[in-house]
Amino acid sequence: MLMSSAAFAQNAPINFETGGQGSDWTWAVFENATNPPLEIVVNPDPSGINTSATVAKYTALQSGNPWAGCESMHGADLGPFVLDATNSIVKIMVWKSVISDVGIKFASPTGWAQPEIKVANTLINQWEELTFDFSSYINPPAGEGQLDQFIFFPDFNLAGRTQDNIVYFDNVTFSTGGGPAAEPTVAAPTPTEPAASVISLFSETYTNVTVDTWLTPWSAATLQDVAIQGNPTKKYSALNFAGIETIANQLDINDMTHFHIDVWSADFTFFGVKLVDFGADGAFGGGDDVEHQVNFDMPAQSQWVSLDIPLSDFTGLTTRSNIAQYILVGQPTGTNTVFVDNVYFYEGGSAPLEPATAAPTPTVPAANVISMFSDAYTNVPVDTWRTSWSSATLEDITIQGNPTKKYSQLDFVGIETVANQIDATGMKYFHIDVWSADFIFFGVKLVDFGADGAFGGGDDVEHQINFNAPAQGQWNTYDILLSDFTGLTTREHIAQYILVGQPTGMNTIFVDNVYFYNDATSVNSPNADLNRVNVFPNPVKSGAQVQLSAPAVQVEIFDFTGKLVMSSQNVSVIDTQNLNRKGAYVVRMLLDNGAIQTNKLIVH
């Protein structure tokens, strides 16, 4: 009944050497006019950083498309694999005679793929190593199979080629991207459902019913009872599937509406929950058993994920008077570890499909803002909020009287200020508020058209920031450092803004408050330094406290992806024990004078 797939390491490095990987693969060339085949040739320039004997040669024809490229064959070439902390940094050596983007992406056998990552070479007529960071990319849903194909775009230039360009490439490697913590450092969120509305199996918040076992003999997993910040937690290791039973005390959940479970994992790519009702006879296999499994592809890793599953989603569970088994399923099969807390049924309303309240009102002073869409500011002209090449529908609506953009059937949508390009060189952040009941991924791409102000003029630059498993059913406020758009090397002619959502073509998002801004105390404020709240020590050792030179009304801490990881009110101390990992954070403080101040905090 349980379907799974195994994870394997890539056949790498791809070095095109005899006895190595790549030279005997089946490479297909696409979108390159007559599609001359990929050649394995003697290294034309072994004097630089690449002394390999043989390399791959790709001829990008002038008559070919800008996105022409080559791809390995599904199956045995690259081999099936899962993107994780051990292989998410991909490096490749290229030798090119022109400056243009180099693109890489991976695909599964069904054709599922994330957008490619593009990095421009900076050197010509010599070898250069380019780095592609896939650490924020998600893996395919379970039904799409595992990634097993390497797709390469050697000369991605939307302006077109003025000649045939030869590109040599070699030494494709996969290495660690740092990686998340292996275990949670904070306990699962405390439930807030009224006790009278709950049937609890495992939670310190409620009185629990009797559970026969948390690991049946037929399970494929190991179980350990652990404590996280003093909170009892179930730890399932080497998880394929784990059975939990209440056969001696079967549950009648007819008055309940939801099943809740909190899960945390540094490495799962799939999680499933199956409920089994033994029927009126109360016996397994009595002929009236019913069951149903609800699956979650690509759940967020290294953070607590609170799943509130409507019982109506368990469509095969046609009776609910004798619930006796609960089966947890994880992937990669037999190699993932999942921490579990707060397992209970409850009676409550269904999650809304649209926001009931408007997005938060911005508080950044208007003098520090370039706004494209917000009631709080005067907006600059925007050519279109949905380009003709978008894959989405757009509806202008109001929520609590507040104008809001609603994008449905979203794959990607283009927004343009081509006629009124934005100079964001004096800005520090890009802000957007997003709400969705069903997205599992959200991305924001900014595109600068360069000094010529024209698309495809040869000096265009762009970068996309991705957010995996954003919170559903609530407003997500993203304040993204423009410095995090590392590929956006110029910011004087920003003309395109591309929003990406998944499940592809199936999710609906609501958008408000789209603007660039600078720190409230950094512009037009001669006394800014006098009023500034200092954060010290900075850098700070992980686990230590950070002092504020004056109390803040509110402190919000965002990680490098722009995700809110901590929020506190009326504080003068920040405890870094509440931060899951080492690295750079953004501390955003609301001061008692109404100003908003932002500091960069380094935790080492």
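A 4.5 Å side-chain heavy-atom check between Asp313 and Leu311 finds every atom pair outside the cut-off. Under the 4.5 Å side-chain criterion, counting only non-hydrogen atoms from C-beta, Asp484 is not in contact with Thr486. Proximity of Phe314 to Arg320: side-chain heavy atoms (C-beta onward) are nowhere separated by under 4.5 Å. Looking at Phe449 and Val447, their side chains come closer than 4.5 Å, going by heavy atoms from C-beta outward. Tyr429 is not listed as a side-chain neighbour of Phe516, based on a closest heavy-atom distance of 4.5 Å or more. Within the 4.5 Å cutoff, side-chain heavy atoms of Phe467 are placed close to those of Ile480. By the 4.5 Å heavy-atom criterion applied to side chains, Ile327 and Val273 are not counted as neighbours. Residues Val186 and Ile228 form no side-chain contact, since every pair of their non-hydrogen atoms from C-beta on lies 4.5 Å or further apart.
With sequence neighbours excluded, the residues satisfying ring-ring contact (aromatic ring centres under 6.0 Å, His included) with Phe156 are Phe153. Phe412 is linked by a ring-ring contact (aromatic ring centres under 6.0 Å, His included) to nothing, counting only residues two or more places apart in sequence or in another chain. Partners of His463 under the ring-ring contact (aromatic ring centres under 6.0 Å, His included) rule, at least two apart in sequence or in another chain, do not exist in this structure. Under the rule for a salt bridge (charged side-chain N to carboxylate O under 4.0 Å, His left out), Glu492 has no partner lying at least two apart in sequence or in another chain. Taking the side-chain hydrogen bond (donor to acceptor under 3.5 Å, both in side chains) definition, one finds that Glu354 meets it with Lys406, sequence neighbours left out.
Between the side chain of Ser108 and the main chain of Gln146, no donor-acceptor pair closer than 3.5 Å is present. Asn368 contributes no side-chain N or O that, together with a main-chain N or O of Tyr517, makes up a donor-acceptor pair within less than 3.5 Å. Listed for the Glu291 side chain is no donor-acceptor partner under 3.5 Å among the backbone atoms of Lys274. Of the possible polar contacts, none joining the Gln496 side chain to the Thr417 backbone as a donor-acceptor pair under 3.5 Å is found. Listed for the Gln502 side chain is no donor-acceptor partner under 3.5 Å among the backbone atoms of Phe441. The main-chain N or O of Thr508 is found under 3.5 Å from a side-chain atom of Ser436 such that the two form a donor-acceptor pair. A donor-acceptor pair is defined here as one N or O able to donate and one able to accept, closer than 3.5 Å; such a pair exists between the side chain of Arg491 and the backbone of Leu482. No donor-acceptor pair under 3.5 Å is formed between the side chain of Arg386 and the backbone N or O of Gly414. For the pair Glu144 (side chain) and Trp112 (backbone), a donor-acceptor distance under 3.5 Å is absent.
Screening residues 373-382 for side chain to side chain donor-acceptor pair (under 3.5 Å) gives Ser371-Asn379, Ser374-Asn513 as the qualifying pairs, with residues at least two apart or on separate chains.
None of Asn476, Ile509, Asn507 except one satisfies the side chain to side chain contact (heavy atoms under 4.5 Å, CB included) rule with Phe442; the exception is Ile509. Across Leu251, Ile309, Leu317, a single residue satisfies side chain to side chain contact (heavy atoms under 4.5 Å, CB included) together with Leu275, and that is Leu317.
Asn420 approaches Pro381 most closely through the heavy-atom pair ND2-CD, 3.1 Å. Shortest non-hydrogen contact noted between Met566 and Asp575 is SD-O, 4.2 Å. The two residues Leu410 and Ala392 have their closest heavy-atom pair at CD1-CB, 3.6 Å. Residues Thr477 and Pro360 come closest through the heavy atom pair OG1-CG, 4.0 Å. Of all the heavy atoms in Gln569 and Gln554, the pair that sits closest is NE2-NE2, 3.4 Å. Nearest heavy-atom pair across Gln421 and Ala495 is CG-CB, 3.9 Å.
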Criterion side-chain contact (heavy atoms from CB on, under 4.5 Å) on Gln472 and Gln474, from CA distance to verdict: CA-CA 6 Å; Gln472 297 179 347; Gln474 67 184 57; over 6 Å; no
Run the numbers on Thr404 and Val511 for side-chain contact (heavy atoms from CB on, under 4.5 Å), then give the verdict. CA-CA 6 Å; Thr404 306; Val511 173; 5.7 Å; no
Given the rule in the side-chain contact (heavy atoms from CB on, under 4.5 Å) test, do Ile104 and Lys118 qualify, once you have shown the distances and angles that lead to the verdict? CA-CA 7 Å; Ile104 290 178; Lys118 296 197 289 288; over 6 Å; no
Passes ring-ring contact (aromatic ring centres under 6.0 Å, His included), Phe106 versus Phe134? Steps please. CA-CA 10 Å; Phe106 302 98; Phe134 285 86; 5.2 Å; yes
Phe270 and Val329: side-chain contact (heavy atoms from CB on, under 4.5 Å), yes or no, with the steps? CA-CA 8 Å; Phe270 168 91; Val329 184; 4.0 Å; yes
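Residues Tyr407 and Trp385 place their aromatic rings such that the two centres sit no closer than 6.0 Å. Note: Phe259 and Phe345 meet the aromatic proximity criterion, with ring centroids under 6.0 Å apart. Aromatic rings of Tyr344 and Tyr206 (six-membered ring for Trp) have centroids within the 6.0 Å cut-off, being under it.
For the residue pair Thr384/Thr387, the side-chain donor-acceptor check at 3.5 Å is not satisfied. Side-chain N/O atoms of Asp448 and His493 include no donor and acceptor closer than 3.5 Å. No hydrogens or angles considered: a donor-acceptor pair under 3.5 Å links the side chains of Gln464 and Asn466. Looking at His431 and Asp479, their side chains do bring a donor and an acceptor atom within 3.5 Å of each other. Side-chain polar atoms of Asn231 and Asp341 form a donor-acceptor pair below 3.5 angstrom. A donor-acceptor pair shorter than 3.5 Å can be found between the side chains of Tyr346 and Asp308.
Distance check: Met589 CE to Ile557 CD1 gives 9.5 Å after rounding to the nearest 0.5 Å. Rounded to the nearest 0.5 angstrom, Met427 CE and Leu481 CG are separated by 13.5 Å. A distance of 9.5 Å separates CD in Gln293 from CG in Leu328, rounded to the nearest 0.5 Å. Separation of atoms OG (Ser302) and CD (Glu183) is listed at 11.0 Å; rounding is to 0.5 Å. Ser388 contributes atom OG, which lies 7.5 Å from atom CD of Glu416 (distance to the nearest 0.5 angstrom). Note that CG of Asp512 is 14.0 Å distant from CH2 of Trp435, once rounded to the nearest 0.5 Å.
Classified by interplanar angle (parallel below 30°, tilted 30° to 60°, perpendicular above 60°), the ring pair Tyr497/Phe430 is parallel.
The neighbour count for Asp255 CG, taken as heavy atoms of other residues, nucleotides or ligands under 6.0 Å away, does not exceed 12.
Both the sub-6.0 Å distance and the 45° axial angle are satisfied by Lys234 relative to the ring of Phe202.
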